[in-house]
Chemist: 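I have a structure here, written as structure tokens, and I will follow up with some questions on it.
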Amino acid sequence: MSAVGVVKVGARTPIGLDARQTGFLLRAGFPAMTEAPLADAAGEPITMGFVPTIDPRIMGPERLSLLARPAFEEVASPLGHTKTQVHITLDEGYVEARAAARELAAVVRRALPDATVEIFPRGEAALGALLPEALRALASRETDAVVLGGVHSDYDAAAIRTLEESGRLFSPDNLDARIPGEAAAFFVLMRYADARRRGFSPLARVLGVGSGRERARPDNEAPAYEAFGLTNAVQQAVEPLARSGAKAGWMLTDLTGEMRRLSEWQSAFVRAQDGLESPYFIDSPAQRIGYLGAAAIPLFVVMAATAWEHGYAPSPVAMAIAGSDGGERAAVVLSSAKRD
């Protein structure tokens, strides 16, 4: 793992046209929640984070494509003819996954015609499985670069209706809920030696990855405080820290306003103390720019890498966690490349 690092990042979010803008404005605490041109069942405008530069009439797979294109081009433009694998995640159970896959594959082909492309509707925790495979492919020289990313959008009448019918749509009268959002984020992994030959400076390193599964879901009454799945994911991810003596002082979470996930995180946080240290800086960007879905962990990598590159990170080691409604959980531990 030590010979592979994050060398390029890209993002398109409600507060940023690229990775740098997004990172800086998130660090400054800039919010993106605003009244959207979508309405709830009572005809009232909803509050959400959305990208205002996209035509408000566009929804579904076409909107995902418009979100992904600038973020992907941000990371792909320097890769040229590099032998590259691309893995993009969509939300778990996304109903238009096939159409979205076609749209996103076209985005990839436009920028990297020779890349191999896989698109998975595996949700927020997909990188728990995809990251180890990407690291293996790089270590075995099966490929020269791997682009990992995710795309999510709640800017869709059907998505809003589903959230409202399940009691999970944020409003002033419903705080135990999710603020809708949208985002696309990508990052490039390369072997250090290859990256430097191509003029890239490594930004971050993946120290550990873990995955698990929770019993508690929105559709059952299992106690969220069990947190066995998230605890397992975190313990797997921080295991390399114990061997090196390093600890994470920065935590990036996909928490919204839903108490079920907050309760789960509190339990896992207490159990993970051996791998954590002051300043215990906890970032939950979904609470400021809207729900991140499958873009969550890719965006956390973008945030960490950008912060380390520009020198404003609260800690040289960060832990990112995310989970899906289906119960999958993932944890990733990252460190600044400047520590190498």
Side-chain angles (χ1 to χ4, degrees), residues 4-14 16-23 26 51 61 63-79 82 84-92 94 97 100-112 115-135 137-138 143-153 181-190 200 203-204 206 209 252 254 285-286 289 291-306 320 322 324 330 332 334:
V4 173
V6 176
V7 301
K8 191 73 177 172
V9 294
R12 177 59 61 98
T13 68
L17 297 175
D18 56 23
R20 186 179 181 187
Q21 285 184 15
T22 296
L26 281 171
V51 176
R63 191 172 186 92
L64 294 185
S65 172
L66 292 173
L67 275 169
R69 184 183 302 169
F72 186 79
E73 290 175 350
E74 190 178 353
V75 300
S77 56
L79 293 178
T82 306
T84 305
Q85 295 179 0
V86 178
H87 305 293
I88 303 175
T89 63
L90 303 172
D91 289 349
E92 179 184 47
Y94 183 62
R102 289 193 296 271
E103 293 273 359
L104 293 171
V107 168
V108 174
R109 298 293 185 207
R110 188 179 295 112
L112 295 174
T116 60
V117 188
E118 291 187 289
I119 297 166
F120 312 87
R122 294 182 57 174
E124 296 85 334
L127 262 64
L130 296 178
L131 254 177
E133 179 57 27
L135 295 170
L138 287 163
T143 188
D144 295 326
V146 178
V147 181
L148 292 166
V151 190
H152 164 78
S153 180
E182 62 181 4
F186 297 90
F187 62 94
V188 180
L189 289 170
M190 293 183 74
F200 294 120
L203 305 173
V206 179
V209 183
L252 297 137
D254 67 335
I289 67 172
Y291 185 64
L292 299 169
I297 291 184
L299 182 63
F300 300 158
V301 176
V302 169
M303 291 172 62
T306 302
S324 69
V332 178
L334 307 158

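Just so it is clear, the structure is predicted and the values come from calculations on it, not from any experiment.
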Chemist: Would you tabulate the side-chain donor-acceptor contacts of residues 145-153 under 3.5 Å, counting partners in other chains and residues two or more places apart, or write 'none'?
Modeler:
unit_1: His152; atom_1: ND1; unit_2: Asp91; atom_2: OD1; d: 3.3
unit_1: His152; atom_1: ND1; unit_2: Asp91; atom_2: OD2; d: 2.4
unit_1: His152; atom_1: NE2; unit_2: Asp154; atom_2: OD1; d: 3.4
unit_1: His152; atom_1: NE2; unit_2: Asp154; atom_2: OD2; d: 2.9
unit_1: His152; atom_1: NE2; unit_2: Gly181; atom_2: O; d: 3.3
unit_1: Ser153; atom_1: OG; unit_2: Tyr155; atom_2: N; d: 3.0
unit_1: Ser153; atom_1: OG; unit_2: Glu182; atom_2: OE1; d: 2.6

Chemist: Which pair of non-hydrogen atoms, one from Ala125 and one from Ala322, has the smallest distance, and what is that distance?
Modeler: CB-O, 4.1 Å
Chemist: How close do Pro285 and Leu26 get, heavy atom to heavy atom, and via which atoms?
Modeler: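 In terms of heavy atoms, the two residues are closest at CB-CD2, 3.8 Å.
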Chemist: Nearest 0.5 Å, what's the CG-CZ distance between Leu203 and Phe187?
Modeler: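 So the gap between those two atoms works out to 12.0 Å.
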Chemist: Quick one: side chain to side chain contact (heavy atoms under 4.5 Å, CB included) partners of Ala97, sequence neighbours excluded?
Modeler: Leu90, Tyr94, Pro121
Chemist: Would you call the rings of Phe186 and Phe72 parallel, tilted or perpendicular, taking 30° and 60° as the class edges?
Modeler: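 Ring orientation of Phe186 relative to Phe72: perpendicular.
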Chemist: Distance check, rounded to the nearest 0.5 Å: Leu17 atom CG versus Arg12 atom CZ?
Modeler: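 One finds 4.5 Å between CG of Leu17 and CZ of Arg12.
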Chemist: Only one of Val4, Val301, Leu135 passes side-chain contact (heavy atoms from CB on, under 4.5 Å) with Val206; say which it is.
Modeler: Leu135
Chemist: Any sub-3.5 Å donor-acceptor pair from Glu74's side-chain atoms to Ala11's backbone N or O?
Modeler: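 Here the side-chain-to-backbone pair exists.
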Chemist: Are any non-hydrogen side-chain atoms of Leu299 and Ile289 less than 4.5 angstrom apart?
Modeler: yes
Chemist: Identify the heavy atoms of Gly10 and Ala19 that sit nearest to each other, and give their distance.
Modeler: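 For Gly10 and Ala19, the tightest heavy-atom pair comes out as CA-CB, 4.0 Å.
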Chemist: Atom CG in Leu112, atom OG1 in Thr84: separation rounded to 0.5 Å?
Modeler: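 Reported value, rounded in 0.5 Å steps: 5.5 Å.
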Chemist: Check the pair Val302, Thr22 against side chain to side chain contact (heavy atoms under 4.5 Å, CB included), reporting the backbone distance first and the verdict last.
Modeler: CA-CA 9 Å; Val302 169; Thr22 296; 5.6 Å; no
Chemist: When rounded to the nearest 0.5 angstrom, what is the spacing between CD in Gln85 and OG1 in Thr143?
Modeler: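 So the CD of Gln85 and the OG1 of Thr143 are separated by 4.5 Å.
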Chemist: Starting at CG of Leu189, measure out to NE2 of His87 and round the result to the nearest 0.5 Å.
Modeler: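 Result: 9.5 Å between the selected atoms.
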Chemist: So which heavy atom on Ala295 is nearest to which on Ala185, and how close?
Modeler: O-CB, 4.2 Å
Chemist: Step by step, would you call Asp254 with Leu292 a side chain to side chain contact (heavy atoms under 4.5 Å, CB included)?
Modeler: CA-CA 7 Å; Asp254 67 335; Leu292 299 169; 5.7 Å; no
Chemist: List the residues meeting side chain to side chain donor-acceptor pair (under 3.5 Å) with Thr306, not counting sequence neighbours, and say none if there are none.
Modeler: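 With neighbours one apart ignored, the set is empty.
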Chemist: Starting from the C-alpha separation in whole Å, work towards a yes-or-no answer on side chain to side chain contact (heavy atoms under 4.5 Å, CB included) for Leu130 and Arg122.
Modeler: CA-CA 10 Å; Leu130 296 178; Arg122 294 182 57 174; 4.2 Å; yes
Chemist: If you compare all heavy atoms of Pro14 against all heavy atoms of Val51, which two are closest, and at what distance to 0.1 Å?
Modeler: N-CG2, 3.9 Å
Chemist: With rounding to the nearest 0.5 Å, note down the distance linking CZ in Arg69 to CD in Glu103.
Modeler: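 Going from the CZ atom of Arg69 to the CD atom of Glu103 covers 8.5 Å.
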Chemist: Measure across Ala71 and Ala184 and return the closest heavy-atom pair with its distance rounded to 0.1 Å.
Modeler: CB-O, 3.9 Å
